[in-house]
Every structure is written in structure tokens, then in C-alpha cells.
Protein chains: 2
Amino acid sequence: MGYNPRDYPPVAVTVDVVALTIRDRRLNVLIVERGVQPYLGHWALPGGFVRPDENLDDAAVRELGEETGLGIRPAHLEQLGSYGTPERDPRMRVVSIAYLAFGPDLPDPMAGSDAAEAVWHPVDDLPPLAFDHERILNDGIERARSKLEYTPLATAFLPGTFTVSELRLIYESVWGTALHAGNFHRKVLSVPGFVEGTGETTQTGGPKGGPRAKLYTAGDAKLLHPALLRPSREEEIR
Amino acid sequence: MGYNPRDYPPVAVTVDVVALTIRDRRLNVLIVERGVQPYLGHWALPGGFVRPDENLDDAAVRELGEETGLGIRPAHLEQLGSYGTPERDPRMRVVSIAYLAFGPDLPDPMAGSDAAEAVWHPVDDLPPLAFDHERILNDGIERARSKLEYTPLATAFLPGTFTVSELRLIYESVWGTALHAGNFHRKVLSVPGFVEGTGETTQTGGPKGGPRAKLYTAGDAKLLHPALLRPSREEEIR
DNA sequence: TGAATAGTGTCTGTAAGACACTATTAG
DNA sequence: CTAATAGTGTCTTACAGACACTATTCA
């Protein structure tokens with residue numbers, strides 16, 4: 001019956017970004033210490049208001065750069081979901097579009113505009129987060145775990161060339177499980193388009209010995225077929 | 001830099017729903033003929049503005065009911081994604097949260113508040129849709145196809161009890177491919193928690209002959225393990 | 001030299017798909 | 001009766017995981 005949005009209090013739209021990387025074999029997320037109210041001084045996911053005439057994706061990339069002072073261009077960026085519970089922001093009605101980003105390990109970011117500090121932090125040892133950001137982060141981690149199964153996006157956590165062992169460490173860090181090195185090796189090379197050999201090898205063996213490893217780049221596959229499934233999780237099925 | 005959203009023109013948040021069902025062995029989507037500007041008289045997905053203090057999920061359910069005059073409670077409802085291109089609505093900046101709904105075949109809906117008419121329509125034979133609703137619909141269909149692979153949600157298209165053949169018809173309709181009846185049968189029964197036998201059978205055989213079929217209800221599995229994968233789509237992998 | 005790692009060989013159990021076949025029902 | 005459908009048996013191939021093993025490099 002002629003519902004007119006201008007008759008109602010305004011709604012704000014924000015983006016929040018779950019930016020993940022692997023550091024020291026652990027899954028890390030980028031968090032910022034808020035420099036403004038509300039939740040001033042609390043840790044939160046980087047994010048902020050979408051500007052007029054700005055695409056949602058662009059806003060996510062902009063906030064990632066602004067709040068961290070880094071020219072971060074994540075190797076992968078995808079939409080995660082929308083979070084719009086009426087009370088999630090004490091200021092006003094805020095609907096947030098969450099994004100999920102993967103990137104290779106980067107130097108520690110500096111604080112940016114609205115953030116007092118920005119750091120990479122292991123996801124299994126986090127301080128409390130502002131708003132509903134813990135829920136968003138959990139959704140992002142679960143999405144990441146699932147994406148590694150059926151897409152080649154694990155390579156987005158790595159530099160341009162990498163070894164199969166480095167790729168395995170990504171899977172082990174994100175899934176939190178140890179994988180059998182030999183079987184993983186054969187499996188990765190058998191999936192068409194997952195990785196492509198460069199003909200090169202590492203210049204040295206591992207720090208504690210071992211032969212030089214062949215170097216690979218990401219292949220052209222968009223999906224892994226057959227998929228690389230996580231070790232069975234009976235409990236999670238029902 | 002104290003960006004304040006109140007300094008800028010307002011943003012509106014809407015929900016749009018891709019409601020799918022199977023009719024006569026074809027995948028159908030619920031569309032409405034718009035009774036208001038813009039796109040008056042055009043076909044569109046049901047949807048509308050989110051109200052203050054209303055959850056996004058609740059808004060999706062409400063719009064589904066309001067615009068169709070049906071007390072539709074979809075058997076499954078999930079968030080599909082957000083669509084926020086600045087020019088997608090000529091009136092103002094509108095960010096839409098799209099939802100995906102599955103339900104069993106229902107009688108033809110009546111028109112509701114903002115819609116001149118509401119109908120189920122086969123997805124492969126649609127009139128042009130308003131806004132960016134064709135893109136949203138395509139994303140929804142692809143999501144539905146994928147969901148059938150690794151979740152038991154095909155049962156959401158069926159009434160409380162059903163036969164394995166009816167379940168197979170859901171897969172065939174959504175995927176658009178013929179499946180081998182015998183192998184499908186064995187596969188479905190072998191996945192733990194997918195379906196549960198009731199001990200009953202249909203009262204008659206098929207309209208053109210055949211024995212009575214056993215009746216099943218949806219099981220308690222949340223994920224299919226092992227998954228029921230679509231016949232290989234080599235082209236879609238790269 | 002010994003320890004660690006890269007990469008391969010082989011075997012087993014499970015699952016997917018092709019195909020054949022029996023049993024039951026409608027017309 | 002015939003045609004259609006429900007459901008099962010069986011065979012082949014592919015693949016995941018377990019395990020063993022060789023080769024290469026660092027300390």
C-alpha cells in the first residue's frame with residue numbers, strides 16, 4: 001500500500017571485511033582497533049559506510065586499504081553475506097554487507113583513518129570483537145574452509161610461485177588438520193588445472209634438510225574436479 | 001576522517017526473493033507484475049523495502065506473503081547475496097538483499113498489495129524482468145543447482161512424504177538433465193540421513209503402470225555425504 | 001653420518017556409472 | 001497381453017587413504 005522508505009528513519013549500509021592470510025602456519029585475520037565511537041578502543045573487522053555511487057565491492061576494497069594504510073589488493077574477494085539485525089549497531093539501523101578476502105602473508109599493516117591500529121591476528125586466539133563481528137568472522141572461516149574443498153583458492157594465500165608443500169600448509173592451517181604429504185602431493189597434481197609446473201625448483205632444500213621442491217603456479221581451473229574434501233566430519237553432517 | 005552517513009543522501013534496503021518450485025517437471029519461479037512505479041506493469045521478483053526494526057529474513061517472508069496473497073511459508077529460505085550497483089534502481093540508491101526459497105508445488109497465488117498479478121512461471125521461458133532481477137534469478141538458480149549436490153534440500157520441493165522417483169524428478173528438473181533411475185535409487189538410499197522409509201507405499205502404481213513405490217520422509221542429515229554430484233560439466237570447470 | 005623432506009609405488013575399500021534383470025501394476 | 005515403472009545385481013573404473021619406499025638435501 002504505497003510504502004515509502006522516505007517516511008521512515010534512515011538506514012545505513014556498511015561493508016565489513018574478513019581478510020584472511022596464513023602466518024607462521026596459522027590462519028590470521030586482519031582486525032583494527034576502533035578509533036571512533038561506538039566501540040571505541042575495541043577490536044573489530046575493518047569496514048565502514050558505503051559511499052553514494054560506490055559499488056559494494058569497491059567499498060570493501062577501499063575500506064581494506066583505508067583502515068590499514070596498506071595498498072592491499074587481496075588475491076581473492078567475494079561476498080560473504082548480509083547482516084541486518086535491527087540492534088546490531090547502537091547508533092542507527094545498519095545493514096552490513098560482509099566480504100571475505102584471501103591474500104598472501106604481508107607485512108604488518110599500519111593504522112589508517114578510523115582505526116587506531118591494525119594487525120593480523122591468529123583466529124583461534126582473538127580478543128572480543130565489536131558488533132556482531134565474531135559471528136561474521138565465524139561465517140567467513142567456515143566459508144573459507146569449504147571453498148578450499150572445491151575451488152583452487154588456496155593458491156590465493158600464496159605468492160605467484162609455490163611448492164606443493166607450501167600449498168599443503170595452507171590447507172592444514174585453514175582446516176586445522178594434518179594431511180598426509182604423499183597422498184596430498186599426488187592428489188594436487190592429478191586435479192586438472194589446479195597447479196602448473198614452472199620447470200623451476202627451489203634454490204635450497206628445507207631448513208632442516210630434504211631435496212629441492214618443484215615450483216608451481218596457479219592453474220586455470222575455477223573448480224576442483226574431483227574436489228579435495230576435508231577428512232570426514234561425521235558430527236557436522238546431522 | 002569522521003565520515004558521517006547522515007551527511008549523504010539516504011540509502012534504501014530492500015529484499016527480493018527467488019522463490020522456486022517444480023511444476024509439471026519444470027523449474028518455476030514466482031514472479032509478480034508490478035503495480036507501482038518504477039517498472040509499472042513489468043514482471044519482477046517479489047520483494048520490497050525492509051521496515052525499521054525488521055529482520056532481513058522476516059522481511060523476505062513478509063514480502064513473499066504480501067505480494068502473492070498466499071500464506072507461503074517456504075520449506076527452505078536462505079540468503080542469496082546482496083546487489084548494490086548504484087544505478088540499479090532509478091529512484092534512489094537501493095541495496096537489495098536477495099533470498100532464495102524452495103517450496104512444494106502450490107496453487108496459483110493471487111495478486112497482493114503492490115503487485116497486479118503473481119504467477120509461477122517456468123524459468124527457461126521468462127519475460128524480461130525489472131531491475132537486475134534476471135541476474136539475481138540466475139544466481140539463485142545456480143545456487144539451487146549446487147545446493148542439491150551436497151545438501152538434502154531437494155526434499156524441500158516435495159510434500160511431507162514422497163517416493164524416490166518424485167525425488168529424482170526434482171533433481172532432473174533443477175539440473176535439467178536425465179538421471180539413471182536405478183543408480184539414483186541406490187545412491188539416495190545409501191546416503192545416511194537423506195531419506196527415511198515410512199513403511200508405507202503409494203496406493204496405486206504410476207498412471208501408465210508399474211508397481212507401488214515405497215514412501216519416504218526427509219531424514220535428519222544436513223549435508224549429503226557422499227555428495228550427489230551433477231553429471232560432469234567439463235566446460236564449467238575452467 | 002642422520003634427520004628431514006620431496007616425490008612415487010602399491011594395495012584396499014568405497015563409490016559412481018553402465019547395463020542387465022526381475023517384479024509389480026495400469027490399461 | 002504389453003508397456004511402464006520400482007527396485008536390485010553385477011561389473012568396471014576412479015579415487016581416497018594407508019603404508020612403504022627411494023632420492024635428495026641440510027646440519
Side-chain angles (χ1 to χ4, degrees), chain A residues 25 148-150 161-172 175 177-192 194-216 223-234 237, chain B residues 25 148-150 161-172 175 177-216 221 223-234 237:
Chain A
R25 306 189 172 198
L148 291 207
E149 294 191 304
Y150 56 93
T161 69
F162 50 85
T163 67
V164 173
S165 290
E166 288 165 345
L167 185 61
R168 177 167 46 80
L169 283 176
I170 301 299
Y171 276 90
E172 292 181 334
W175 286 351
T177 61
L179 299 175
H180 187 285
N183 288 340
F184 180 86
H185 195 105
R186 183 164 1 126
K187 169 75 185 181
V188 165
L189 297 188
S190 77
V191 176
F194 192 177
V195 298
E196 248 173 62
T198 62
E200 311 274 303
T201 69
T202 52
Q203 287 307 306
T204 68
K208 289 182 276 186
R212 299 176 181 186
K214 291 182 186 163
L215 287 168
Y216 297 86
L223 294 173
L224 299 185
H225 190 75
L228 229 158
L229 299 178
R230 276 177 271 187
S232 63
R233 320 154 266 155
E234 282 302 327
I237 292 176
Chain B
R25 304 190 172 197
L148 259 50
E149 293 191 304
Y150 57 93
T161 68
F162 50 85
T163 67
V164 174
S165 289
E166 287 164 348
L167 185 61
R168 177 166 46 79
L169 283 177
I170 302 297
Y171 275 91
E172 291 180 335
W175 286 350
T177 61
L179 298 175
H180 187 283
N183 288 339
F184 180 88
H185 195 104
R186 180 158 7 104
K187 169 76 186 181
V188 166
L189 297 188
S190 76
V191 176
F194 192 178
V195 298
E196 248 174 63
T198 62
E200 311 275 302
T201 69
T202 52
Q203 287 307 306
T204 69
K208 288 183 278 185
R212 298 176 181 185
K214 292 182 186 163
L215 287 169
Y216 297 86
L223 293 173
L224 300 184
H225 187 78
L228 229 158
L229 298 178
R230 277 178 269 187
S232 62
R233 322 154 265 154
E234 282 303 328
I237 291 176

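Labels below follow one simple rule: chain letters A, B, ... track the order of the sequence lines, proteins then strands, and each chain is numbered from 1.
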Engineer: Would a distance-only check, ignoring hydrogens and angles, find a side-chain to backbone donor-acceptor pair under 3.5 Å from A/E172 to A/L179?
Structural biologist: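 Yes: the side chain of A/E172 pairs with the backbone of A/L179.
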
Engineer: Counting only side-chain nitrogens and oxygens, does A/H185 get under 4.0 Å of the OP1 or OP2 atom of C/dG7?
Structural biologist: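 Result: yes.
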
Engineer: Would you list the pairs meeting side-chain hydrogen bond (donor to acceptor under 3.5 Å, both in side chains) in which at least one residue belongs to residues 178-187 of chain A, sequence neighbours left out?
Structural biologist: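 Listed once each, the pairs are A/N183-A/R186.
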
Engineer: In whole Å, I'd like the distance from the CD atom of A/E149 to the P atom of D/dA16.
Structural biologist: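 These atoms are roughly 12 Å apart.
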
Engineer: Could I get the full list of salt bridge (Lys or Arg N to Asp or Glu O under 4.0 Å) partners for A/E196, not counting sequence neighbours?
Structural biologist: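 Applying salt bridge (Lys or Arg N to Asp or Glu O under 4.0 Å) to A/E196 gives none.
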
Engineer: Name the nucleic acid region contacted by B/S165, choosing base, sugar-phosphate or nothing; use a 4.0 angstrom heavy-atom cut-off, strictly under.
Structural biologist: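 Sugar-phosphate contact only - B/S165 comes under 4.0 Å of backbone atoms but never of a base.
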
Engineer: To the side chain of A/K214, which of D/dG7, C/dG7, C/dA15 is closest?
Structural biologist: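 Of all the options, the side chain of A/K214 is nearest to C/dG7.
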
Engineer: Just how far, in rounded Å, is P of C/dG17 from CZ of B/R230?
Structural biologist: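 The answer, rounded to whole Å, is 13 Å.
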
Engineer: Between P on C/dA15 and CG on A/L229, what's the gap in Å once rounded to a whole number?
Structural biologist: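 Nearest whole value for this atom pair: 12 Å.
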
Engineer: Provide, to the nearest angstrom, the distance between the CG atom belonging to A/L179 and the C1' atom belonging to D/dA18.
Structural biologist: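 The distance from CG of A/L179 to C1' of D/dA18 comes to 14 Å, rounded to the nearest Å.
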
Engineer: Let me know the distance between OH of A/Y150 and C1' of D/dA16, rounded to the nearest Å.
Structural biologist: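 It works out to 20 Å between those atoms.
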
Engineer: Return the polar atom pairs (N/O with N/O) between nucleotides 22-24 of chain C and the protein under 3.5 Å, or none.
Structural biologist:
residue: C/dT24; atom: O2; partner: B/P211; partner atom: N; Å: 3.2

Engineer: Expressed in angstrom and rounded to an integer, what is the separation of B/L224 atom CG from C/dT14 atom P?
Structural biologist: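 Going from CG in B/L224 over to P in C/dT14 covers 20 Å.
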
Engineer: Using whole Å, what does the distance between atom C1' of nucleotide C/dA15 and atom CZ of B/F184 come to?
Structural biologist: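 Whole-Å distance recorded here is 16 Å.
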
Engineer: At a cut-off of 3.5 Å, list every protein nitrogen or oxygen paired with a nitrogen or oxygen from nucleotides 18-21 of chain C, distance to 0.1 Å.
Structural biologist:
residue: C/dA18; atom: N7; partner: B/N183; partner atom: ND2; Å: 2.7
residue: C/dA18; atom: N6; partner: B/N183; partner atom: OD1; Å: 3.0

Engineer: Expressed in angstrom and rounded to an integer, what is the separation of B/K208 atom NZ from C/dT25 atom P?
Structural biologist: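 Going from B/K208 (NZ) to C/dT25 (P), I get 19 Å.
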
Engineer: Measure the spacing between CG of B/L229 and OH of A/Y150 and express it to the nearest 0.5 Å.
Structural biologist: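 With rounding to 0.5 Å, CG (B/L229) is 12.5 Å from OH (A/Y150).
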
Engineer: Check residues 162-171 of chain B and write down every donor-acceptor pair under 3.5 Å in which the side-chain atom is one partner and the other belongs to a residue at least two apart or another chain.
Structural biologist:
residue: B/T163; atom: OG1; partner: B/S165; partner atom: N; Å: 3.4
residue: B/T163; atom: OG1; partner: B/E166; partner atom: N; Å: 3.1
residue: B/E166; atom: OE1; partner: B/T163; partner atom: N; Å: 2.9
residue: B/Y171; atom: OH; partner: B/L148; partner atom: O; Å: 2.9

Engineer: Rounded to the nearest 0.5 Å, what's the gap from CZ on B/F194 to CG on B/L223? Could you check?
Structural biologist: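 That separation rounds to 12.0 Å.
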
Engineer: Out of C/dA4, D/dG7, C/dT8, which nucleotide sits closest to the side chain of A/L189?
Structural biologist: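 Looking only at heavy atoms from C-beta outward on A/L189, the closest nucleotide is C/dT8.
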
Engineer: Looking across every strand, which nucleic acid part, if any, lies under 4.0 Å from A/T204 by heavy atom: base, sugar-phosphate, or nothing?
Structural biologist: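 Result for A/T204 = sugar-phosphate.
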
Engineer: Without placing hydrogens or testing angles, list every side-chain donor-acceptor pair under 3.5 Å for residues 202-212 of chain B, not counting sequence neighbours.
Structural biologist:
residue: B/T202; atom: OG1; partner: B/T204; partner atom: O; Å: 2.9
residue: B/T202; atom: OG1; partner: B/A213; partner atom: N; Å: 3.0
residue: B/R212; atom: NE; partner: B/Q203; partner atom: O; Å: 3.1
residue: B/R212; atom: NH2; partner: B/Q203; partner atom: O; Å: 3.2

Engineer: Considering all heavy atoms of both residues, which atom of B/A221 and which atom of B/P192 are nearest to each other, and what is their separation?
Structural biologist: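 B/A221 and B/P192 have their closest heavy atoms at CB-O, 3.6 Å.
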
Engineer: Of A/Q203 and A/K187, whose nearest nucleotide on DNA chain D comes first from the 5' end?
Structural biologist: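 Upstream on the strand: A/K187.
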
Engineer: Once rounded to the nearest 0.5 Å, what's the spacing between atom OG1 of A/T198 and atom OH of A/Y216?
Structural biologist: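 If we round to the nearest 0.5 Å, A/T198:OG1 and A/Y216:OH are 8.5 Å apart.
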
